[in-house]
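Below, chain A is the first sequence line, B the second, and so on; all start at residue 1.
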Amino acid sequence: MTDCGSTSTKAILIERRDGQYRLVARGEAPTTVEAPWEDVTRGVRNAIAEVGEVTGRRLLDPHSGGLITPSRGDEGVDLFLSTSSAGGGLQMLVVGVVRNMTAESAERAALGAGAIVTEVIAFNDHRRPHEQIERIRHLRPDMILLSGAVDGGSTSHVVKLAELVAAAEPRPRLGGGGRLPLIYAGNVAAREEVSSALGECVDLVLTENLRPILERENLGPARARIHEVFLEHVMARAPGYAQLMDLCDSPIVPTPAAVGDMVKRIAAEEGCDVLAVDIGGATTDIFSMFDGQFNRTVSANLGMSYSVANVLRAAGLPGVMRWVPLHLEERELRDRLLNKMIRPTTVPQLLEELVLEQAVAREALRLAFQQHRGFASGLKGVHRAHGMGDAFHQAGPDATLADMMRLGLIIGSGGVLSHAPRRAQAALMLIDAFQPEGVTRLAVDSVFMLPQLGVLANVHAEAARQVLRNDCLVRLGTCVAPVGPAVRAGCAVASVQLTERDGPRREIRLGAGELVRVPLAAGAQAHLCVRPARGFDAGAGPGAVLETDVDGGEVGVILDARGRPIALAADEPGRLAQLRRWHAALDLYPEAIA
Amino acid sequence: MSHAYYPGLSVSGWTMLRRERLLPVAGEVLVNVGQVVAPDTLVAQTVLRGQLIPVNVAASLGVSPEEVPGSLLKELGDAVESGEILARTKGLFGLLRSECRAPAGGVIASISAVTGQVMLEGPAVPVQVRAWLSGTVAEVRPERGAVVASGGAWLQGVFGLGGETWGALVLAVSAPTDVLEEPDITPAMRGKVVVGGALATLGALRRAAEVGVAAVVTGGVHALDLGAFLGEEIGVAVTGAEEIGFTLVVTEGFGQVAMARRTFRLLGEKEGFIASVCGATQIRAGVVRPEIIVPTAASERLAAETAASGGIEVGAPVRLIRAPHFGAIGLVRELIAQPQVLESGARVRVLVAELENGLRVTVPRSNVEVF
């Protein structure tokens, strides 16, 4: 299986050994979508060849250059699948009538289908129509998703939007002269008028309304059309993709869509809410399943190299530096981070550089999650009947679905998390950025295999499940974070009892501001009993005793009584002392950072 | 990945280059194959459609969309002035008539009886593309522009700001380790490409804008100073459209970093020649780096140094691109096959380099560029 990313193409080989599907080898080669190669299959073949070299298995036919299939003896494969986000991924323009209603539903459909939404145009987006036309003219998307009005509702607004699009004469990013595909997923009664307003300027694809009534989204048909158009129009025009499609035994899936499918499966299998994050050089993708609803957001300018300067700008220097237990001059710090931006492939050689990068990662993840929380919300514009219970419950229709107390699993991926020299560093980055409450398991995707497993799951779910469990997810352990009122440092927050099956029992008095690590090996389980202090909640309700089983991992169980939000000392000496204490508790770095 | 090292930036004494000079949309090409062009030669021109302004005539008149075509005083294709009456209702016995005036001047581009909207198209915007560098037209792309071929020195920077410009090269410092200060920029440098050394100070940047230099080329610049000069922090590394009064090319990186001796020497040798400079930078898939091209006669080719080699091998000159030896230049002395653990704890493949000051250092292979 391959995943064609914007900079590198990753290949993995999965084999059935002793009745279990396992990852056997991984290869990587530069992606070859752009000049001078302009043929994605070259990169794919190079990555496969590397897997062949590592395993000694002949995978490519030396004469035709094609894959040897089916497998026989020490050569060939039985199944070849691919995902792709190369050449800038699937770029979409979303157009809807009301920004936080139909336009937001359309944006959710596009993001769920794995697209990068380059722009959202709506009647109430505070731009004047001629500015919107200029913007559409300027963009070169792969397709447009147009939506608006419920079925049977007003047609005039969505037709006006169609006129706006037609006036701009949008052109596709790839394929020169071809017409741009436009998927119409709005009021079915307006189809004819929309079609006539758009005229010949686009390739119109009609599908069901993605918001047929205010109270319900129907995103499935629009997502399915997006995927079809992606294969028929976009992939077919991208350099070498026609040949790649011929090689594949199943349709190519946009990388984020494959990850999204996998996140849904993991949530179903683990029976809990799941948050997955992929932090790259340029962008940070967040996927979640909260309360049965899937959401995905892409923070286009939050990342660890190309976008590092933007993280610094968005978080502010104090925002980044609050996680760094040493003093650095602002001038030098800014120069170092911008040098990472212009030379993105470098790695931190000095410990202080690693600490700085991990501080940036915390802020990039935090900012991306802030955006995700706002997006992962109930449907807006829906009238709700209010009962007595609402008098005590402040959440409005805009309230986020992201309930951190109910969140059961966080999965991190991306170089800064997957390749952190110590797993505890990855665990603490995830905890500091997302600040989970109650009991939450933590894992990292060892080599970012979720995309390939997502597409494999469509044709062989059991194989994907086994590889996910055996080779993909590295279990870090479990975070236990009681939350409650702000109290003085050291005041009792909870007493914790952790009993390993057939093993020792640990009793810990957890004081406010403390971080404690209890080793518990991967694959091991322990019984956890948390007796929170008055007003504190560990997951069973304020003051209620929580009893549950927790999973171990490479880090173990992390007891976090630092409060939510994490209470950092206002003064610099106090903050530095705090950070050093926490880092020591988790044995985060090889030596004390002065 | 077997070739994970950073390929480095080009610093070449003489290279044959081809640059596409194309319009964003179809237009008229004004040059022919074989024609000799100067930087300011007009290669192609066109006009872009004017701004489109939708006017909700139905809402303005208080009529249904179907009634709009009948109430218009103008027809499709007619020109209207700003404030001119576009449509009017018949009213009651000629009274109580309502009017809709054009919010801006333009031509009526469409009339919709479905939505009651009229689209006004503003005046067309002329677009011109110039040759930017001296050379010969190698190819004409019908309706789009041409490819200009030119031979000369070619230097890539690592980061830049501002778009295309050109001017005579002038050295404002005497060594690549020198700092370009405010007094180094003189009024005589107006319209020129000014070469500095290890750093351009904030004062120098401000003075360059005041004087009106065409471009500043420097080894380094402090990110903090650049933010102060721009009035905002740098965000994502996609640049080229900034209007800062000149074009900036940084050859080494952020901070005070001596310009590579080879780069400084080459720019010095070309002093007085016309250099074409572009600051556009894009550090993502489809990397674009800023560049300086100094077209010279083909006879210079023989005298020029060989361009940088491709691979990383023992004896290869490299530049260190990350702390603790950021900016240092040296030679590869050993390629260690087994991954090594760094101070940061990361386990990566490394090499041993001997720096110009004789120090031998072990650094990650991904932290050097072949120079």
query = Is it the side chain or the backbone of Gln425(A) that comes within 4.5 Å of chain B heavy atoms, both, or neither?
reply = neither
key: Pairwise side-chain contact, Tyr306(A) with Gln282(B), heavy-atom cut-off 4.5 Å (strictly under)   = no
ask   = Where does Val350(B) contact chain A at under 4.5 Å (heavy atoms): side chain, backbone, both or neither?
value = neither
inquiry  = Counting only non-hydrogen atoms closer than 4.5 Å, does Arg137(A) touch chain B with its backbone (N, CA, C, O), its side chain (CB onward), both, or neither?
reply    = side chain
ask   = Checking Glu53(A) against chain B: side chain, backbone, both or neither under 4.5 Å from a heavy atom?
value = neither
message = Under a plain distance cut-off of 3.5 Å, with no hydrogens placed, do Glu163(A) and Gln117(B) share a side-chain donor-acceptor pair?
response = yes
ask   = Looking at Val308(A), Leu333(A), Val159(A), Leu350(A), which one has more heavy-atom pairs under 4.5 Å with chain B than the rest?
value = Leu350(A)
message = What part of Glu232(B) gets within 4.5 angstrom of chain A, counting heavy atoms only: side chain, backbone, both, or neither?
response = side chain
note = Heavy atoms of Ala167(A) and Met119(B) approach each other most closely as CB-CE, 3.9 Å
ask   = How many angstroms lie between CD in Glu332(A) and CD in Gln256(B), if you round to the nearest 0.5 Å?
value = 12.5 Å
message = Donor-acceptor pair, distance only, cut-off 3.5 Å: does the side chain of Asn367(B) make one with the backbone of Thr346(A)?
response = no
Which portion of Glu193(A) sits near chain B, non-hydrogen atoms under 4.5 angstrom = side chain
key: Nearest non-hydrogen partners of Ser344(B) and Pro421(A), listed with the distance   = O-CG, 3.6 Å
note = From the list Ile234(B), Leu226(B), Leu224(B), side-chain contact (heavy atoms from CB on, under 4.5 Å) partner of Leu338(A) resolves to Ile234(B)
message = For a quick test of reading the model, state the closest non-hydrogen atom pair linking Leu342(B) to Pro348(A) and the distance between them.
response = CD1-O, 3.7 Å
ask   = Which bit of Arg322(B) is near chain A, if near means a heavy-atom gap under 4.5 Å: side chain, backbone, both or neither?
value = side chain
task = Can you tell which part of Glu134(A) gets under 4.5 Å to a heavy atom of chain B, answering side chain, backbone, both or neither?
result = side chain
ask   = Shortest non-hydrogen contact from Phe254(B) to Asn339(A)?
value = N-OD1, 2.7 Å
